[in-house]
Amino acid sequence: MKDTFFKAKLIDWQKIRVALFSNAAKEDDTKFWLIKDFYETIPLKLEKTSSLSGVSYFVLSSPKILDLGHFYEIHILNFGKDVLDVSDAIYFDDFDHLFTYNGDDLGARYTKNKTTFRLWAPLSSACFLKCRKKEDDTPSYHLMKRDVNGTYFLTLEGDQDSLIYTYIVVNNGVIVESIDPYAFSSLANEKASVVVNMEKYVPNFHDDKLPPFNSYSEATIYEAHVRDLTISKMTDIEHKGKFLGLIEEKRKTLGGNPAGFDYLKSLGFSHLQFQPLQDYKTVDELDPNKLYNWGYDPRQYFALEGSFATDPNDAYKRVNEFKDVVAKFHNVGIRINVDVVYNHLYEGDSTSLDKIVPDYFYRHLDNGKLSNGSGCGNDFASERPMARKLIIDSILFLIKYYHIDGLRFDLMGLLDVETMNLLTSEAKKLKKDFMIYGEGWNMPTPILEEDRAHHGNAAKMKDIAFFNDAFRNIVGGGIGYDLRNKGYALGEESYREGFKFAYLGSCLEYCYHQRFIDANQSLNYVECHDNETFYDKLVASFSDEDDENHLLSRVRMTNAIIALAFGVPFFHMGQEIGQSKKGNGNTYNAGDKYNRLDYKLLDERQEMVRHFKDILTMRKSLKELQTYAPEEILKMVTFKDLEHGGLIIDYGSNISNFEAFKVIINPADETIYYELDDYHQVYLSSNGLVPRSDIHIKHLILPPRSTFVLVKYSN
């Protein structure tokens, strides 16, 4: 009918709201009815009517509960028909109770004799599997059966290894095609999902070669990006920017120093943290040199990023090559952590999750708009059962099939406490020494503040660690708009008391309120992939200082402080050599020029590398530095203030094999002179560890911008 249209929406299991616009007159006894699956007629009763600005509103009731999984059309006598929109069912009070699926077989589950497909699509009236063999051009279509808790199920007999597939889903009469959100691998650029046998290739993951790991404070974390580690032209690494480039041995810089795998192995850290590896959007997997991106724009949570594979259209390459990476690093005692992004998805309405179950996986404000605490337009609704399940299932998948050792959560404060504790518990069942930590900023999102996984709720998440921005700000000074502000390590004496709080792992009441239940929860850092590098922070803070030795001495001093402080030392790639991003504070898409590991600089600053290795060796060898219990930390150290903001941290005889152990920091540009009560020997200087000698000192001459460790040996 001309100038007539209406929309009908399910507002309860037996109620429908209709908005009708028409120039035609409406009879008082206008009839309404539903047609279910094109043949069953259901009469509807008019419960309420109203009108406003030429639009008539009706509330209708059905004599029977309207089950999801069927196609409904509403008919109005003399006004035509329209599809019933059931999308709001996800907000009904009992929706999660009725449609939460707890099985472990979502996605494509392969065996040699058959493959089963299960898709959670509770709103859909029909689902089809569209599939083809790799060698075929013409796909086949298979109707899936509606099954329990809003899932659709199908079994294909025979060996379906490498079958290429998508789902065809009908929601509210609209037909959409989507990849499988539970797919273990895919073709390049999300063109289709692929059936893979995760047991087809299982290397020796060498878990037995990993050293014992009993507390987070035993870790030393080194953060890097797969591409950034190997893309430089200043090495002879062959598979540049790829998983395989990470594990090439005997590769060299132009200066003849170890590169890639051999370099990383030599540094002595315990955990290598990769920036996002799960499939992300804004890099063309077929031409990864066209556009650079770190990968904080996730699209798939089970499939890995194809641009790191030698052939992104071979679904097994990304799977097997990353398995080899983990196995190779495990073999030399290095654990692998992965940076994961569960707080949002890239372009939420175009993702497989939203195509299949519109709006379910994202939080909404009261006005219906998507919540944007992430700054990316769609906060992930981790508190919803099937969203929570997706997070936990994908994490357990990474542990089970890739043997990863830990996770770093991007914007963890947007996730909920219950989800974080559940996934931690489940992860530790598979791997008891698994690490979980993340960004604990308190972000605005429509769940209660006390339910958000931010560091203010650290006491509710005892097995989860947090990036300690108090440590970052006190030691280094502010970032971003505070870039010129100086922290303690930049010579700002007023931060000395705050520095003591940070040094103690922020787990004791000392001039600030206790932040963490113990030092295991404190990730101590001054630089990560976000914002300017610490070297660039120094350049901005000392803009009138052009002496590079001045800046590098502060880098060495600060790296030593991080290694010595109670908590978990965290370093970003290149921090060991004072690498610069040329003052750019947001290089997520700035390209290799700003982000790659600068091997030329590494060749020039080998003394910085040696110092970095030595401080990590010290951290690893002196177990007492890994103490995390607040009551033990309190008994271990005392502080003595020196002139010019200097500080002695006295461990007494609390470090094994030493009668005395003192950390002495001079953050000033002046030399500090101090006389000790007794003679000591230098254990660590600004040049690194000092071999035991017969030289004993009592009168200290502490050069500017330095960290020393002085000891008295037990024998």
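The residues of the chain are indexed from 1 along the displayed sequence.
- Remark: Asp410 engages Arg408 in a salt bridge, criterion side-chain N to carboxylate O under 4.0 Å.
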Which is it for Phe542 and His550 under the ring pair (Phe, Tyr, Trp, His ring centres under 6.0 Å) test, yes or no, and what are the steps along the way?
-> CA-CA 10 Å; Phe542 298 96; His550 168 269; 4.7 Å; yes
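- A salt bridge (Lys or Arg N to Asp or Glu O under 4.0 Å) check over residues 553-564, counting only residues at least two apart or in different chains, returns the pairs Arg554-Asp669.
- With sequence neighbours excluded, the residues that form a side chain to side chain contact (heavy atoms under 4.5 Å, CB included) with Pro703 are Ser706, Phe708.
- Using a cut-off of 4.0 Å between Lys/Arg side-chain N and Asp/Glu carboxylate O, Asp463 and Lys428 are scored as not salt-bridged.
- Look at Arg610 and Glu607 and you find no salt bridge, because none of the NZ, NE, NH1 or NH2 atoms lies under 4.0 Å from a carboxylate O.
- Here Lys613 pairs with Ser266, Leu267, Val609 under the side chain to side chain contact (heavy atoms under 4.5 Å, CB included) rule; sequence neighbours left out.
- A side-chain donor from one of Gln300 and Asp279 sits under 3.5 Å from a side-chain acceptor of the other.
- Side chains of Glu383 and Arg388 form a contact here, defined as non-hydrogen atoms less than 4.5 Å apart.
- The side chain to side chain contact (heavy atoms under 4.5 Å, CB included) check on Lys429 picks up Ser425, Glu426, with sequence neighbours excluded.
- For the pair Glu548 and Arg605, the salt-bridge criterion is met [side-chain N within less than 4.0 Å of a carboxylate O].
- With contacts defined as side-chain heavy-atom distances shorter than 4.5 Å, the pair Leu370/Arg363 does not qualify.
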Step by step, work out the ring pair (Phe, Tyr, Trp, His ring centres under 6.0 Å) result for His271 and Tyr216.
-> CA-CA 11 Å; His271 290 69; Tyr216 287 7; 8.6 Å; no
For residues 566-584, which side-chain N or O atoms pair as donor and acceptor with protein atoms under 3.5 Å away, sequence neighbours left out?
| from | atom 1 | to | atom 2 | distance (Å) |
| --- | --- | --- | --- | --- |
| His572 | ND1 | Glu527 | OE2 | 2.8 |
| Gln575 | OE1 | His572 | N | 3.1 |
| Gln575 | NE2 | Asn559 | OD1 | 2.9 |
| Glu576 | OE1 | Tyr222 | OH | 3.4 |
| Glu576 | OE1 | Gly574 | N | 3.0 |
| Glu576 | OE2 | Tyr222 | OH | 2.8 |
| Glu576 | OE2 | Tyr263 | OH | 2.6 |
| Gln579 | OE1 | Asp598 | N | 3.1 |
| Gln579 | NE2 | Arg596 | O | 2.6 |
| Ser580 | OG | Asp536 | OD1 | 2.6 |
| Ser580 | OG | Asp536 | OD2 | 3.4 |
| Ser580 | OG | Lys582 | N | 2.7 |
| Lys581 | NZ | His529 | O | 2.9 |
| Lys581 | NZ | Asn531 | O | 3.1 |
| Lys581 | NZ | Thr587 | OG1 | 3.2 |
| Asn584 | OD1 | Asn586 | N | 2.9 |

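- Here the NE2-OG distance, from His455 to Ser522, works out to 11.0 Å after rounding to the nearest 0.5 Å.
- In this structure, Asp530 CG and Phe467 CZ are separated by 9.0 Å, a value rounded to the nearest 0.5 Å.
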Check residues 634-646 and write down every donor-acceptor pair under 3.5 Å in which the side-chain atom is one partner and the other belongs to a residue at least two apart or another chain.
| from | atom 1 | to | atom 2 | distance (Å) |
| --- | --- | --- | --- | --- |
| Asp641 | OD1 | Lys500 | NZ | 2.9 |

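- Geometric assessment of Arg515 against the ring of Tyr510 yields a negative cation-pi assignment under the 6.0 Å and 45° thresholds.
- Looking only at side-chain heavy atoms (C-beta outward), Phe661 and Leu622 come within less than 4.5 Å of each other.
- Annotation: side chain of Tyr588 is not in contact with side chain of Asn595 (no heavy-atom distance under 4.5 Å).
- Comment: Asp433 engages Arg335 in a salt bridge, judged by a side-chain N to carboxylate O separation of less than 4.0 angstrom.
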